[in-house]
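All remarks here apply to the structure that follows.
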Amino acid sequence: MVECKRRVSHLCAWWLTLVWLCVESAAYAATTAEQEKYLKLANESFQEVASGKVRDVDALIHKQEQLVAIGAAHCRKYAKIYPEDAKFLHLVADSAKGMSQMTPEEITRQWYRLEAPKAQGIDVKHDNHFEELINLMDLVVHPSYVIIVMKQYKQKPDKALLKRAKYELGELISHAEILFEKRPHH
């Protein structure tokens with residue numbers, strides 16, 4: 001009887017391990033698919049802006065909105081993994097929709113200079129522009145900046161605005177590739 005209970009116990013443990021592995025594999029596959037989608041949208045946007053001919057500004061803005069949404073979701077996901085940075089990551093995610101309503105000067109001051117987190121009492125310590133916390137923030141900030149610039153471009157087409165959008169998208173791709181481990185850190 002004891003041997004039977006032990007076998008049942010081992011069988012249950014084996015099944016639980018198998019279920020856990022399936023769940024983890026599905027979560028990893030979903031994350032990888034999101035990352036691939038993110039990089040695809042970012043690269044398509046970069047190529048279009050770099051060509052100097054944006055055929056459909058609204059479609060390009062929509063791609064940026066998708067990037068912002070995926071970036072905000074990544075911030076929330078990482079907040080669960082890194083509770084010490086959760087307050088900052090939630091602030092980024094919660095602020096995501098409003099970022100694209102800012103002026104270029106406001107988004108630069110609030111997010112590139114980190115005044116928004118400072119105003120909330122969050123001290124963002126970073127030694128490297130490409131460290132994980134900044135990479136996560138920039139998954140949201142860079143496409144938000146592109147939305148701002150492309151709205152301006154829609155009103156008054158100007159090559160300087162496309163140049164700025166190209167710069168922002170290039171930075172975005174660098175941050176995303178490093179975060180998603182598609183290339184080595186600087």
Side-chain angles (χ1 to χ4, degrees), residues 16-51 59-97 99-100 107-108 110-114 116-118 122-150 163-186:
L16 287 173
T17 301
L18 182 61
V19 167
W20 179 81
L21 286 172
C22 288
V23 168
E24 287 297 309
S25 293
Y28 176 77
T31 299
T32 301
E34 288 172 357
Q35 292 171 353
E36 294 301 323
K37 179 180 180 180
Y38 194 94
L39 287 170
K40 182 178 186 279
L41 288 168
N43 280 302
E44 287 173 356
S45 299
F46 181 86
Q47 293 302 319
E48 186 171 3
V49 169
S51 77
L60 184 66
I61 289 172
H62 179 69
K63 285 181 181 178
Q64 304 321 296
E65 291 167 344
Q66 290 177 305
L67 291 170
V68 169
I70 296 168
H74 272 289
C75 286
R76 291 189 196 289
K77 197 177 295 183
Y78 274 74
K80 292 176 185 173
I81 298 168
Y82 302 108
E84 66 277 8
D85 296 319
K87 192 173 178 184
F88 172 70
L89 293 170
H90 282 293
L91 177 64
V92 172
D94 293 344
S95 302
K97 287 188 180 183
M99 286 183 201
S100 63
I107 198 168
T108 297
Q110 293 297 311
W111 292 102
Y112 291 144
R113 295 186 189 145
L114 300 170
K118 287 176 193 168
I122 302 169
D123 184 24
V124 181
K125 293 183 167 88
H126 69 300
D127 300 321
N128 178 341
H129 181 68
F130 288 99
E131 68 185 44
E132 195 166 41
L133 199 58
I134 301 304
N135 289 337
L136 284 162
M137 177 188 76
D138 282 344
L139 291 183
V140 176
V141 176
H142 286 297
S144 295
Y145 202 113
V146 174
I147 292 170
I148 295 166
V149 169
M150 293 314 297
K163 185 176 178 181
R164 182 59 194 224
K166 180 181 171 187
Y167 169 80
E168 293 294 329
L169 288 163
E171 283 286 305
L172 170 64
I173 292 166
S174 294
H175 287 287
E177 286 178 341
I178 290 168
L179 183 66
F180 303 154
E181 299 180 9
K182 303 294 182 190
R183 70 183 186 127
H185 299 253
H186 292 315

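For this chain, numbers begin at 1 and follow the sequence in order. As the structure is a prediction and not an experimental result, all values here were calculated from the model.
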Spatial distance of atom NE2 (H62) from atom CG (L41) [nearest 0.5 Å]
8.5 Å

Heavy-atom pair of closest approach, residues F88 and P117
CE1-CG, 3.7 Å

Is it true that a side-chain atom of Y38 and a backbone atom of L139 form a donor plus acceptor pair closer than 3.5 Å?
yes

Are R76 and D94 close enough that some pair of their side-chain heavy atoms sits under 4.5 Å apart?
yes

On a heavy-atom basis, the closest approach of I148 and M99 is CD1-O, 3.4 Å

Intermediate values then yes/no, side-chain contact (heavy atoms from CB on, under 4.5 Å), D85 and E132:
CA-CA 11 Å; D85 296 319; E132 195 166 41; over 6 Å; no

Worked check of side-chain contact (heavy atoms from CB on, under 4.5 Å) between Q35 and H74
CA-CA 9 Å; Q35 292 171 353; H74 272 289; 4.0 Å; yes

Got a sec, which residues hit side-chain hydrogen bond (donor to acceptor under 3.5 Å, both in side chains) with E44, two or more places apart in sequence or on another chain?
K40, K63

Working to the nearest 0.5 angstrom, can you tell me the gap between K80 NZ and H90 NE2?
8.0 Å

How far does NZ of K77 sit from CG of L136, to the nearest 0.5 angstrom?
11.0 Å

Heavy atoms of V141 and I107 approach each other most closely as O-CD1, 3.9 Å

Evaluate the criterion side-chain contact (heavy atoms from CB on, under 4.5 Å) for residue pair S95 and W111; output intermediate values, then yes/no.
CA-CA 10 Å; S95 302; W111 292 102; 3.6 Å; yes

Write down the atom of V49, the atom of A165, and the distance for their closest heavy-atom approach.
CG1-CB, 3.9 Å

For H142 and Y167, which I'm curious about, is there any donor-acceptor pair between the side chains at under 3.5 Å?
no

Minimum heavy-atom distance H175-D138, with the two atoms named
NE2-OD2, 2.9 Å

Output for pair (Q47 CD, K166 NZ), nearest 0.5 Å, gives 9.5 Å

From CD1 (I134) to CG (L179), nearest 0.5 Å:
11.5 Å

What distance do Y145 atom OH and E171 atom CD have between them, rounded to the nearest 0.5 Å?
12.0 Å

Would you indicate whether the side-chain heavy atoms of L89 and L133 approach each other to under 4.5 Å?
yes

Between V140 and C75, what is the shortest heavy-atom contact and its length?
CG2-SG, 4.3 Å

Would you give me the side-chain donor-acceptor pairs under 3.5 Å for residues 64-72, sequence neighbours excluded?
| residue | atom | partner | partner atom | Å |
| --- | --- | --- | --- | --- |
| Q64 | NE2 | S45 | OG | 2.8 |
| Q64 | NE2 | L60 | O | 3.3 |

